[in-house]
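The residues of the chain are indexed from 1 along the displayed sequence. Predicted, not measured: the structure shown is a model, and the values here were computed from it.
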Amino acid sequence: MPGELFPRERSDPAPGAVLLPDWLTHAEQLELVAACREWARPPAGLRTVRLPTGGQMSVRTVCLGWHWYPYGYARTVVDGDGVPVKPFPPLLGRLAVRAVAAAYGPDGLDGIAGAEAYEPDVALVNHYAEGARMGLHRDREERVDAPVVSFSLGDGCVFRLGNTETRTRPWTDLELHSGDLLVFGGPSRFAYHGVVRTLAGTADPALGMTGRLNITVRQSGLE
C-alpha cells in the first residue's frame with residue numbers, strides 16, 4: 001500500500017561485513033548522543049584533524065581509549081591540546097561485544113579473526129555536519145585484525161564499502177540510518193571504505209542533534 005513502511009532487513013554486503021538496520025533502540029541512541037556531547041567537551045575534546053598533506057578532514061573527531069592521528073595512535077592528543085586521551089567507556093565496550101555477537105552469531109564467531117575473543121579498547125567519534133564526507137581509506141593503525149564496529153546516529157549517509165586492494169571499483173554503496181549497526185571483519189576488515197555524502201535533515205528530531213554521528217569501535221592490540 002502507498003506509504004506503508006517495511007522493516008529494513010539484515011544484509012551481508014561483502015564477506016565478513018554485516019549490516020543490521022535499527023539495531024540500537026531509541027533509548028540507546030539517546031544515551032549515546034548524550035554521551036557524545038560529554039566526550040566532545042575539552043580537554044581532549046572534539047577536534048578538526050589536519051592531514052600530513054596540509055588538508056583538513058571535513059568531519060570533526062574525538063577519540064577514546066587511544067588517540068588516533070594520521071596515521072597512528074598515542075596516549076595524548078599529540079595533534080591537539082596535548083592532554084591525555086579520554087578513557088575508553090565501558091558502555092561502548094559492552095555494546096561492541098554485543099554487536100559482534102549479533103553480527104556473526106555463535107556459529108560464525110570462530111570464522112572471523114578476533115571475533116570470539118573481541119576486546120575493544122579504542123573508539124573514534126566522528127561528527128559529520130551537512131556536506132561533510134570521508135574519503136576512501138583503510139583502518140590499518142591497529143595491530144590486530146579484529147572486527148571494526150560502527151554505530152550510526154542522527155542523519156543518514158551513503159557509506160561506500162570497497163575492496164581490499166584499491167580505492168577503485170568494485171564497491172557497494174549502503175544507506176546507513178540512525179540506529180544502524182555495521183560490522184566489518186574477516187575478509188572485509190581492511191577494505192577501503194568511506195562516506196560519499198550525508199543525508200541532511202533525516203535525523204529524528206527527538207534525538208536533539210543536527211548532522212551525523214558515527215562511532216567506530218576497534219581493538220587496537222596496543223599496550
Side-chain angles (χ1 to χ4, degrees), residues 7-14 16-40 46 59-66 68 86-104 112 114-115 118-129 132-134 137 139 142 146-161 173-185 188-189 191 193-199 202-204 206-220:
R8 297 160 60 229
E9 297 182 350
R10 171 196 170 115
S11 63
D12 299 78
V18 179
L19 171 60
L20 295 176
D22 304 316
W23 188 78
L24 292 169
T25 66
H26 184 68
E28 288 170 333
Q29 293 178 57
L30 287 172
E31 182 179 22
L32 285 174
V33 169
C36 286
R37 285 198 179 94
E38 292 303 312
W39 297 330
L46 199 66
V59 303
R60 301 183 71 203
T61 302
V62 62
C63 303
L64 307 165
W66 285 89
W68 178 86
K86 290 181 169 74
F88 180 73
L91 166 64
L92 290 183
R94 292 191 298 269
L95 277 175
V97 170
R98 274 180 48 211
V100 168
Y104 299 120
I112 300 293
Y118 191 56
E119 294 184 1
D121 62 339
V122 59
L124 274 65
V125 180
N126 291 322
H127 180 256
Y128 291 75
R133 58 185 295 276
M134 179 79 72
H137 65 283
D139 298 335
E142 298 77 35
V148 172
V149 172
S150 172
F151 302 113
S152 292
L153 300 164
D155 282 346
C157 77
V158 177
F159 178 88
R160 179 161 291 171
L161 179 63
D173 284 349
L174 308 169
E175 270 200 18
L176 302 182
H177 294 276
S178 194
D180 287 359
L181 164 66
L182 178 66
V183 180
F184 50 101
S188 292
R189 172 57 179 84
H193 59 280
V195 172
V196 179
R197 64 181 180 275
T198 53
L199 305 175
T202 57
D204 180 354
L207 291 177
M209 60 166 288
T210 58
R212 174 178 187 256
L213 285 168
N214 174 234
I215 305 173
T216 62
V217 183
R218 313 169 188 180
Q219 182 174 337
S220 71

(message) Nearest 0.5 Å, please: how far is CZ in Arg60 from CG in Asn126?
(response) 11.5 Å
(request) Taking all non-hydrogen atoms of both residues into account, name the closest pair between Val183 and Ala99 and its distance. (result) CG2-O, 4.1 Å
(message) How close do Pro120 and Ala96 get, counting heavy atoms only, and between which atoms?
(response) CG-CB, 4.0 Å
(request) Look up atom CZ in Phe184 and atom CD1 in Ile112, then write down how far apart they are to the nearest 0.5 Å. (result) 12.5 Å
(request) Could you tell me whether a side-chain N or O of Tyr118 sits under 3.5 Å from a main-chain N or O of Pro147, the two making a donor and an acceptor? (result) yes
(request) Check whether any side-chain N or O of Gln219 sits under 3.5 Å from a backbone N or O of Glu119 as a donor-acceptor pair, and report yes or no. (result) yes
(request) Would you confirm whether Arg189, through its side chain, and Asp139, through its main-chain N or O, come within 3.5 Å as a donor-acceptor pair? (result) yes
(message) I need the Leu181 CG to Leu176 CG distance, nearest 0.5 Å.
(response) 10.0 Å
(request) First locate atom CG of Asp180, then atom CD of Glu175, and finally report the distance between them rounded to the nearest 0.5 Å. (result) 9.5 Å
(message) As a quick check of understanding, evaluate side-chain contact (heavy atoms from CB on, under 4.5 Å) for Leu46 and Val125, giving each step before the final call.
(response) CA-CA 9 Å; Leu46 199 66; Val125 180; 5.8 Å; no
(message) Whether the side chain of Tyr128 engages the backbone of Val195 through a donor-acceptor N/O pair (distance < 3.5 Å, no angle test) should be reported.
(response) no
(request) Give the intermediate values and the outcome of side-chain contact (heavy atoms from CB on, under 4.5 Å) for residues Val18 and Tyr104. (result) CA-CA 8 Å; Val18 179; Tyr104 299 120; 4.0 Å; yes
(request) Tell me, with the steps shown, if Leu182 and Val148 meet side-chain contact (heavy atoms from CB on, under 4.5 Å). (result) CA-CA 8 Å; Leu182 178 66; Val148 172; over 6 Å; no
(request) Could you pull out all residues at least two apart from Glu28 that satisfy salt bridge (Lys or Arg N to Asp or Glu O under 4.0 Å)? (result) Arg98
(request) Return the minimal non-hydrogen interatomic distance between Arg10 and Ala102, and the atom names on each side. (result) NH1-O, 3.9 Å
Side-chain donor-acceptor distances from residues 153-160 under 3.5 Å, at least two apart:
residue	atom	partner	partner atom	Å
Asp155	OD1	Gly201	N	3.4
Asp155	OD1	Thr202	N	3.1
Asp155	OD1	Ala203	N	2.9
Asp155	OD2	Gly201	N	3.4
Arg160	NE	Asp173	OD1	2.8
Arg160	NH2	Asp173	OD2	3.0

(message) Is any side-chain heavy atom of Val97 closer than 4.5 Å to one of Val149?
(response) no
(request) Give the minimum heavy-atom separation between Val217 and Phe88, together with the two atoms involved. (result) CG1-CZ, 3.8 Å
(request) Output the distance between atom NE2 (His193) and atom CG (Leu161), rounded to the nearest 0.5 Å. (result) 8.5 Å
(message) With rounding to the nearest 0.5 angstrom, report the CD to CG distance, Glu9 to Asp22.
(response) 11.5 Å
Which donor-acceptor pairs under 3.5 Å do side chains of residues 207-215 form with protein atoms, sequence neighbours excluded?
residue	atom	partner	partner atom	Å
Arg212	NH2	Ser152	OG	2.9
Asn214	ND2	Ser150	OG	2.8
Asn214	ND2	Phe151	O	3.1

